[in-house]
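First up is the structure itself, then whatever we jot down about it.
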Number of protein chains: 2
Amino acid sequence: MSSTTTPVVDIHTHMYPPEYVKLLESRSEIPLIRRFAGAKDPRYIILPAEAESLDKIAQGESANLPGRPVTSHYSLLTQKIHFMDTHKIDISVISLANPWLDFVASDEAGKTAEDVNHEFEAMCGEYPGRLFFFATLPLTAPEDVLLAHVDFVKGLKHCRGVILGTSGLGKGLDDPALIPVFKAIATAGLVIFLHPHYGLPSEVWGPRATAEYGHVLPLALGFPLETTIAVARMYLAGVFDQVPDLRMLLAHSGGTLPFLAGRIESCIVHDGHLVREGKVTPERRTVWQVLKEQIYLDAVIYNEVGLKAAIDASGVDRLMFGTDHPFFPPLQSDEQGEWESMTWNKNAVEKALGSNNEGVKQVMGGNAAKILRLTEDA
Amino acid sequence: MSSTTTPVVDIHTHMYPPEYVKLLESRSEIPLIRRFAGAKDPRYIILPAEAESLDKIAQGESANLPGRPVTSHYSLLTQKIHFMDTHKIDISVISLANPWLDFVASDEAGKTAEDVNHEFEAMCGEYPGRLFFFATLPLTAPEDVLLAHVDFVKGLKHCRGVILGTSGLGKGLDDPALIPVFKAIATAGLVIFLHPHYGLPSEVWGPRATAEYGHVLPLALGFPLETTIAVARMYLAGVFDQVPDLRMLLAHSGGTLPFLAGRIESCIVHDGHLVREGKVTPERRTVWQVLKEQIYLDAVIYNEVGLKAAIDASGVDRLMFGTDHPFFPPLQSDEQGEWESMTWNKNAVEKALGSNNEGVKQVMGGNAAKILRLTEDA
């Protein structure tokens with residue numbers, strides 16, 4: 001890539017380094033990785049419904065193998081590079097996938113995070129200029145360990161941010177105890193990549209879910225709705241005002257935030273409680289302002305209809321292309337070839353921006369290179 | 001209004017006829033209407049969090065009055081007409097508000113529905129050409145009573161459809177037992193107006209909700225997410241294929257369906273279970289097709305960003321203006337004057353469609369007049 005062309009950058013792409021796979025293999029509750037006799041790859045089991053199949057198998061009942069195969073796409077760096085080359089991706093900003101270290105015991109979290117982040121730093125070092133990463137924080141560790149870890153990852157050459165789930169310290173991202181953590185991350189110049197994992201309580205999918213609909217509902221709706229709720233709670237708690245230099249990249253184009261921002265604003269202005277408390281003032285920063293000033297959105301939305309709304313909400317200079325690799329592999333063609341999930345997202349960018357070639361380049365990589373400082377010092 | 005101009009039509013506007021108010025006043029569980037000493041208007045209590053305040057008051061603890069005031073806007077037809085005149089609305093398609101008759105005992109439901117629908121028919125008769133209605137169905141009644149009621153409302157001169165919540169017969173709208181009901185509604189030429197009420201389980205809003213954020217989260221997010229889940233379940237269950245002439249108008253511009261349709265499609269195509277079951281075929285009707293062929297969206301979304309996505313998803317000929325009156329009254333100005341909620345939604349239509357004056361007219365009323373046959377036989 002010459003220094004004058006705009007790189008194509010994938011900012012939503014996960015890796016499971018071998019040490020993390022071992023950690024998941026040692027577990028007896030979800031999330032866990034389990035090997036099954038006769039199956040080529042071990043299986044990664046995340047969702048509560050998948051754990052139910054696991055129980056059935058343990059009781060000798062036949063059931064489809066639960067979860068998803070942990071193929072070489074999950075753990076082999078050469079496979080990540082192959083995926084990037086196949087799809088003409090110049091730079092990837094890799095991150096550990098959900099649920100990160102949310103389940104690790106408090107006294108082990110600091111050491112585990114150190115191991116994981118060292119491993120990510122080493123992977124990035126193997127392909128200079130092509131790999132950067134979002135670090136993983138030991139959220140279950142004591143506050144001093146957690147804050148020290150923000151300093152530690154800031155010092156890693158290829159770290160450009162941290163990936164966070166929505167549980168925070170266990171009470172959500174509107175927990176006042178997180179404010180010092182957000183401040184430390186912001187002061188370190190790191191972007192938070194907010195990613196869902198917990199979805200919504202299973203009962204909302206109804207009695208026919210899973211058995212008949214596979215994992216469509218929790219993945220297609222549960223994930224983006226979780227993100228939307230988490231950010232709305234942060235907004236209402238005033239987190240974006242309390243930490244004005246907080247910068248947050250939202251997975252899946254913000255869940256549904258661009259579409260619902262208008263309704264959120266209307267519900268705020270029309271809420272008797274908030275009006276009585278004096279919180280609905282002309283000086284109040286609206287959701288729209290936060291979307292344009294502190295939030296970035298990825299472009300993992302698979303269609304131009306939603307992507308256009310995301311661009312309208314945040315601005316074409318705040319959207320960043322992503323693939324969600326190694327999730328959503330092609331099921332009816334070769335995994336070593338082109339992935340539909342990639343094509344759909346790329347087509348969405350091109351259709352959403354039409355003849356705005358400069359905008360396409362920005363979303364496909366220019367924004368990420370600038371916002372995450374990817375073409376300097378690599 | 002002359003027959004050559006396009007009327008302005010409000011298709012999302014609720015009424016609480018006096019008999020329904022009495023029914024709610026007689027109840028001890030939510031939904032209910034309760035009078036408080038010293039308060040000018042009785043209060044309408046719907047949300048679980050509001051019921052908690054009710055318990056506190058019962059125990060002598062001071063608390064803000066729960067719920068929302070049942071002002072004359074809820075039950076007085078003259079007030080509805082005043083609202084219409086103030087905002088230059090020519091025609092309103094009124095409907096009973098949530099939760100309709102979902103809570104009525106099985107043996108009373110048929111009679112109650114008959115009373116309510118007679119009352120709506122009588123109201124419409126008072127203002128010829130200006131009022132039509134979506135009828136209420138006795139969903140808790142035995143199937144024969146329920147199906148007979150569809151026939152009954154079909155015969156009411158001003159009835160143009162039925163308003164439904166997401167619980168159906170208690171198991172959601174993907175319940176196979178509902179297919180005969182959907183078929184009867186479709187055969188009768190009635191449009192279903194799908195409206196949320198139940199939201200999401202309270203725990204998703206976190207420990208700070210209600211006390212600090214008022215009702216913003218359940219109203220701004222719980223409602224549209226509920227609608228999205230309900231329609232996705234119907235789609236996955238094949239309801240739209242099994243009842244090809246089913247026509248469904250979704251409240252709040254489809255919840256979040258236009259924004260998430262791309263992700264739903266991707267999750268279907270990439271779902272191992274659905275692929276193994278042979279459900280992912282080239283002949284499959286996509287969510288996008290259903291959005292363009294069987295679904296209508298209201299324009300109650302308060303901003304052009306979301307509204308543009310709704311138009312892109314369904315087509316400018318399938319969007320219909322609405323106000324959600326009497327909900328979201330102005331809190332910092334006179335209720336007898338202009339309502340911000342109306343202005344925001346109207347501005348959204350004008351901004352979304354820009355210089356497409358014909359499109360603005362269609363969304364503001366032309367579509368509704370045509371789809372719901374409002375200018376013939378009034």
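To find a chain, count down the sequence lines: A is the first, B the second, and so on, and within it residues start at 1.
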Going by heavy atoms in the side chains, are D271(B) and Y213(A) under 4.5 Å from each other? no
Taking P330(A), G255(A), A310(A), A209(A) one by one, which has the highest count of heavy-atom pairs under 4.5 Å against chain B? G255(A)
Interatomic spacing from CD in E212(B) to CZ in R233(A) - rounded to 0.5 Å: 11.0 Å
Nearest heavy atoms of V305(B) and N303(B), plus distance in Å: N-OD1, 2.7 Å
Starting at OG1 of T281(A), measure out to CD of Q332(B) and round the result to the nearest 0.5 Å. 9.5 Å
A230(A) portion near chain B, given a 4.5 angstrom heavy-atom threshold: neither
Test item: T228(A) side-chain N/O and T256(A) main-chain N/O as donor-acceptor pair under 3.5 Å: yes
Quick check on R68(A) against chain B: is it the side chain, the backbone, both or neither that has a heavy atom closer than 4.5 Å? neither
Between G272(A), A232(A), A313(A), P201(A), which has the largest tally of heavy atom pairs under 4.5 Å with chain B? P201(A)
Just to be sure I understand the criterion: a residue of residues 257-269 of chain B counts if one of its heavy atoms is under 4.5 Å from a heavy atom of chain A. Which ones qualify? P258(B), F259(B), L260(B), G262(B), R263(B), I264(B), E265(B), S266(B), C267(B), I268(B), V269(B)
If one checks every heavy atom of W288(A) against chain B at 4.5 Å, the contacting part turns out to be side chain
Charged N to carboxylate O below 4.0 Å: is that the case for K308(A) and E304(A)? no
Would you call the rings of F83(B) and H325(B) parallel, tilted or perpendicular, where under 30° means parallel and over 60° means perpendicular? parallel
Which atoms of S253(B) are under 4.5 Å from chain A, going by heavy atoms: the side chain, the backbone, both sets, or neither? both
If you measure from CE on M234(A) to CD1 on I229(A), what distance do you get to the nearest 0.5 Å? 14.5 Å
Student check: side-chain heavy atoms of L291(A) and T286(A) closer than 4.5 Å: no
Quick check: under 4.5 Å, non-hydrogen atoms only, which of residues 338-351 of chain A neighbour chain B? E340(A), S341(A), W344(A)
Which answer fits A211(A), side chain, backbone, both or neither, if we ask what part of it has an atom under 4.5 Å from a heavy atom of chain B? backbone
Solution key, residues 217-226 of chain B side-chain donor-acceptor pairs under 3.5 Å, sequence neighbours excluded:
from	atom 1	to	atom 2	distance (Å)
E226(B)	OE1	H197(B)	N	2.9
E226(B)	OE1	Y198(B)	N	2.9
E226(B)	OE1	G199(B)	N	2.6
E226(B)	OE2	T166(B)	OG1	2.6
E226(B)	OE2	H197(B)	N	3.1
E226(B)	OE2	Y198(B)	N	3.1

Check for a donor-acceptor pair, side chain of R43(A) on one end and backbone N or O of L65(A) on the other, with a separation under 3.5 Å. yes
Aromatic plane relationship, H252(B) with H12(B) - under 30° parallel, 30 to 60° tilted, over 60° perpendicular: tilted
Counting heavy-atom pairs under 4.5 Å with chain B, the top scorer among L236(A), V300(A), L274(A), D312(A) is L236(A)
Sort H270(A) into side chain, backbone, both or neither according to what part of it lies under 4.5 angstrom from a heavy atom of chain B. both
If you check every heavy atom in residues 169-178 of chain A against those of chain B, which residues fall under 4.5 Å? K171(A), D174(A), P176(A)
Looking only at heavy atoms, the pair that brings R285(A) and D241(A) closest together is NH1-OD1, 3.0 Å
In Å and rounded to the nearest 0.5 Å, what is the CG to CZ distance from D298(A) to R318(A)? 14.0 Å
Looking at the rings of Y74(A) and F327(A), which for Trp means the six-membered one, are their centres under 6.0 Å apart? yes
Is it the backbone or the side chain of V275(A) that comes under 4.5 Å from a heavy atom of chain B, or both, or neither? side chain
Could you tell me the separation between the CG atom of L297(A) and the CG atom of L307(A), rounded to the nearest 0.5 Å? 9.0 Å
Just so I know, are the side chains of E335(B) and T71(B) near enough to count as touching, which here means a heavy-atom distance under 4.5 Å? yes
Any luck finding a side-chain donor-acceptor pair between E50(B) and H215(B) under 3.5 Å? yes
